[in-house]
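Here the structure comes first, spelled out in structure tokens, and everything after it is commentary.
Worth knowing before you read on, the calculation uses all heavy atoms, side chains too, and leaves out hydrogens, waters and symmetry mates. Proteins get letters first, then strands, A, B, ... in listed order; numbering begins at 1 in each.
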Amino acid sequence: MEIEKTYNSAKAEQTWYQYWLDHKFFKSTPDHRTPYTIVIPPPNVTGVLHMGHMLNNTIQDVLIRRARMLGYNACWVPGTDHASIATEAKVVSLLKEKGINKTDLSREDFLAHAWDWKEKYGGIILEQLKKLGASCDWDRTRFTMEEGLSEAVIDVFVDLYNKGKIYRGVRMVNWDPQGLTAVSDEEVIHKESAGKLVYVKYKIEGTGDFITVATTRPETIMGDTAVCVNPTDERYAHLKGKNVIVPVVNRVVPIIFDDYVDAAFGTGALKVTPAHDINDFNLGQKHKLPTIDALNPNGTISEAAGAYVGMDRFACRKQIIIDLTEQGLVEKIEEIKNKVGYSERTNAVIEPRLSMQWFLKMEEVSKPALDAVVSGDVKLIPEKFINTYKHWMENVHDWCISRQLWWGQRIPAWYDGLGNTVVAKDFNEAVIKFEEKFGVIVIEEKQIKQDEDVLDTWFSSWLWPLTVFDPKIVQNGWDKANEDLKYYYPTNDLVTAPEILFFWVARMIIAGKEYTGQKPFTNVYLTGIVRDKQGRKMSKSLGNSPDPLDLIERYGADGVRVGMLLCSPAGNDLMFDESYCEQGRNFANKVWNAFRLIKGFVVDDSIEAPQSSKAAITWFENKLSEQLEIINDHYSKYRMSDALMTTYKLVWDDFCAWYLEAIKPDFVDGKALPIDKATYDATIGYLESLLKIMHPWMPFITEEIWHLLKERGEKECVIVAEWPKVKAELDHRQLVEFEVSKELVATVRNVRAQKQLSPKEKLEVIEKSEATRSYFDETIKKLANLSAFSYTKEKVEGAFSFQIKTTEFYIPLASSLNKEEEIVRLTKDLEYNQGFLKSVQIKLANEKFVSNAKPEIIASERKKESDALSKIKTIEEQLKSL
RNA sequence: GGGAGAUUAGCUCAGCUGGUUCAGAGCACCUGCCUUACAAGCAGGGGGUCACAGGUUCGAACCCUGUAUCUCCCACCA
């Protein structure tokens, strides 16, 4: 069989993913085994795979594949999030392209369009995950707005309302004038930006005097209902009881006094606009000021403003500054930096706006969720996020859960127009409740109206780990939870970005505690943000984000997976560069070629294994086990990059560079000699172990080689192979001895390089030693291409000499040694050792060191001293003999 | 404004309880090699005052105190 010289990733990926699917290796149902569960952070249904997903899902896949091999019942639940605001925005803009305005559509028609779109394009991202190799149980695919899950959301709303934890009220909320909806605090991103602090003069009523206020938002002047100063501010003490005239609209408003105002900022006088600033709102409540909403929901100036009506808020800001300047009312303008809130979804500048919304009281429900993390019941990896989490949970505000959108779970509240409100699961139940609670008999359907708003997306995704298994959990309670939930919940690991620690992770813990009394997951692995080489966040607008699918095409899924994880320490951002993928691809190719070599071996049953191979075999058995233990340890600490790098070096360095080179049959007359059966079998065994260890990182190539290596049963795949076991006892002495042998080999190679001797020319090495044979001699001979490796008790004259540790070696060279060069080399070596000896001796002469340091430290220093002394002696002898 | 973290080779990062696994890894780089698994490779090699300044200690990349720079999170100062 002819094997291709380079690994063909596309073919293997196509073949094996389908094979795994066909044989249901991703599928999980409850059984007697211990479960290992991950629920995917559901990507937005509008999403296309980006580098963040790539990283995130690769980690999950590595974890789930390894768990599967460890014998757990591994279950990875995939799905998508309906992402109400993002999806609605997308659908609105698509409709607009077709010339359809959302406002011209009925709710039902709009939703029909939205579902249409979802059915057509909503599955794209999941298909993309398959390209990467994600071994999700696709039969369990869920969508946060599918029937059962939506029902659970309504159940939760009703339940929390009945428990008095949900309320409705007029509050200052973060308003997105583009999305035309309220958003939660967490959906507002504060960015520093350059602003203008405008000093505007307000005329004091009945005098010729002015009071100057400083504002960054002059367009809200029309909404002013007071000017406020600090009561201790003597500059303004005389203004008690006075009124001022608001410019533009000439409204007379009072001067009020409140110590909220910082006398040191600006002029010490604050214009109060209760409708457009949370602080002003609080002041307004306190001082019973009227509220004038000068802005429309879409960010234009409202009728109530009485001026600039219909103008956009930013255009108005510019214009009003011009107009006030003309009127001589602008004292000065300062350039300042201030933080401006932007909508996470639409990137519009958030407007604080007074409106009627639904809220969830957070204080009480968040306590158990705080404790879960603080006590370590839920572990955050890395731990540094515990602080942030704690801080947030201790300072939570009530959560605004209503959104002025259509795409999402509609709020199950009904109003009768007489001021009565009922929260119920559906219309029929609402009718019953109206009668029970208010004695209102509902005769016809339109008598009561359901709330127009939908719930925040996170109000459904916080139930994700529960409802993907049992949508009826809220109705039935934990005691009557279905088999799936009882079996898989709590899940094991959650892999997600730190950005949504509060949005999502914290809230899942809250919901989990509330409805099952248990945490939703044990470990939360927080990935970093994928950045480009310059440290900029990858984003569409910057155009610095490579297309993951394109990368997969060019480097292979395994290559990209390895590349990503090579540069991603837990919790730190990852500076991604394509060269990592190249490294991943090169590694895959290295593995491929190791396989080609092994596959090409011709076995001869009649020959016995040479000593060089026997020694290599026992060494590698120990090495493999030693490294596997380290790899397992890295996994247990979620040190993914380290686990991968250890695997990488085990395969490339230990297996390919040393083991295979040691056992590879020689060539004679242009033909490879056959290999003995024992060595062949051992080698195949090692390769199989390595394929297993590599499989979580590189699922495709390992499966491909696994099957090319020998005939296998239909279900005998590496994906379900058993994870190798660590040997009970390692031969550490042998491991160390081989390290010394490697050093010897390297030194011989170095001598060749320096003396410009061909690697083909055989050399002889003589060791000065009392012993006459050691275990790896034959292996060394093979690796260093020696004609002989012998021992002597006497110094060898006229040969090239060197030392490893304290042992001296000689290489007799045909060409005579260059005496001058040797003297220089040895003198340098001598000086180094003398200096080293001196520093050790100073340490040992220090009484404080000897009396304070631990005995083993002192012993090791003494050893250093004696070693150095013997080395120096040897070098001096060598110099003398030259 | 509050909090958290970081700063080690050209780059990305390890370095656990202070001491032979203490200055490391991978990549990049340099020098030889198209040697019959692999040039996506092989062999060899050169790179660091561990951000800076003090302190504790017999001993500091590691502990303490400052300083600088960077990143992130939180926050209602117009």
Side-chain angles (χ1 to χ4, degrees), chain A residues 3 5-7 172 185 190 197 213-217 220 228 260-262 264-273 277-282 336 338-339 352 382 384-392 395 498-499 501-502 528-529 531 533 535 555 559 566-569 571-577 579-580 582-601 637 639 641-642 644-646 648-649 652 656-657 660-661 664 667 670-672 746 749-754 756 758-760 843 846-854 856-858 860-861 863-864:
Chain A
I3 303 166
K5 205 169 168 182
T6 49
Y7 166 60
M172 188 64 77
D185 292 348
H190 294 275
L197 187 60
V213 304
T215 179
T216 52
R217 308 203 45 202
T220 63
C228 186
Y260 163 74
V261 176
D262 177 2
F265 187 91
T267 60
L270 170 74
K271 71 184 212 46
V272 183
T273 323
D277 183 280
I278 178 69
N279 303 301
D280 292 16
F281 176 73
N282 293 338
I336 59 156
N338 61 346
K339 291 277 179 110
K384 65 176 178 185
F385 287 106
I386 294 174
N387 285 324
T388 350
Y389 180 87
K390 209 175 140 200
H391 184 257
W392 190 77
N395 297 286
E499 304 162 287
L501 188 57
F502 311 130
I529 295 166
R531 296 176 181 278
K533 248 196 152 171
Y555 299 104
L566 273 173
C567 60
S568 63
N572 282 335
D573 290 354
L574 136 183
M575 307 296 166
F576 180 82
D577 187 79
S579 63
Y580 288 108
E582 206 177 316
Q583 193 182 347
R585 180 201 59 181
N586 292 356
F587 182 48
N589 197 48
K590 182 73 188 175
V591 174
W592 182 253
N593 277 290
F595 156 69
R596 281 181 64 217
L597 172 69
I598 294 166
K599 189 72 188 169
F601 286 157
K637 292 171 182 149
R639 304 175 67 132
S641 300
D642 292 336
L644 174 56
M645 185 46 74
T646 309
Y648 179 95
K649 286 195 281 192
W652 198 309
C656 294
L660 287 179
E661 290 301 330
K664 175 164 119 179
F667 265 77
K671 275 183 79 178
R749 286 171 178 169
N750 187 11
V751 171
R752 278 186 208 278
Q754 275 176 13
Q756 292 179 321
S758 157
K760 285 179 182 163
K843 211 186 260 188
N846 185 337
E847 233 174 81
K848 283 181 178 171
F849 172 72
V850 179
S851 55
N852 286 319
K854 281 183 258 171
E856 60 265 33
I857 301 297
I858 296 170
S860 95
E861 291 296 318
K863 173 102 181 16
K864 278 190 216 167

Would you mind reading off the distance between [X] atom [atom1] and [N] atom [atom2], rounded to a whole angstrom?
X	N	atom1	atom2	result
A:F385	B:rC73	CZ	C1'	9 Å
A:H391	B:rA75	NE2	C1'	8 Å
A:F502	B:rC72	CZ	P	15 Å
A:I336	B:rA78	CD1	P	6 Å
A:N846	B:rG59	CG	C1'	9 Å
A:L644	B:rC13	CG	P	16 Å
A:D642	B:rA14	CG	P	8 Å

Nucleotide N/O to protein N/O under 3.5 Å, stretch nucleotides 4-12 of chain B:
residue	atom	partner	partner atom	Å
B:rU12	O4'	A:Y580	OH	3.2

> Just the dot-bracket of RNA chain B, please: which string comes out with Watson-Crick or G-U pairs under 3.5 Å, [ ] for crossing, | for another strand?
Replying inline: (((((((..((((.....[....)))).(((((.......))))).....(((((..]....))))))))))))....

Could you run down the sub-3.5 Å N/O contacts of the protein with nucleotides 48-50 of chain B?
none

> What does A:V261 touch in the nucleic acid at a heavy-atom separation under 4.0 angstrom: a base, only the sugar-phosphate, or nothing?
Replying inline: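 Base contact - A:V261 has a heavy atom under 4.0 Å of at least one base atom.
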
> With the sugar-phosphate defined as primed atoms, P, OP1 and OP2, and the base as all remaining atoms, what B/S/- string results for nucleotides 19-24 of chain B, 5' to 3', for protein heavy atoms under 4.0 Å?
Replying inline: BB----

> With the sugar-phosphate defined as primed atoms, P, OP1 and OP2, and the base as all remaining atoms, what B/S/- string results for nucleotides 37-46 of chain B, 5' to 3', for protein heavy atoms under 4.0 Å?
Replying inline: BBSBSSSSS-

> Would you say a side-chain N or O of A:R639 is under 4.0 Å from OP1 or OP2 of B:rG15?
Replying inline: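 Yes.
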
> Quick one: is A:Y648 getting a side-chain N or O under 4.0 Å of the B:rA25 phosphate, OP1 or OP2?
Replying inline: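 False: A:Y648 side-chain N/O out of range (4.0 Å or more) of B:rA25 OP1/OP2.
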
> Does B:rG47 sit syn or anti, given that only angles within 90° of 0 count as syn?
Replying inline: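 Syn, angle within 90° of zero.
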
> Got a sec, which residues hit salt bridge (Lys or Arg N to Asp or Glu O under 4.0 Å) with A:D642, two or more places apart in sequence or on another chain?
Replying inline: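 Checked A:D642 against salt bridge (Lys or Arg N to Asp or Glu O under 4.0 Å); matches are A:R639.
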
>> Quick check for you: among B:rG26, B:rC76, B:rA75, whose closest atom lies nearest to any side-chain atom of A:I278?
In response: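 In terms of side-chain proximity for A:I278, the closest of B:rG26, B:rC76, B:rA75 is B:rC76.
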
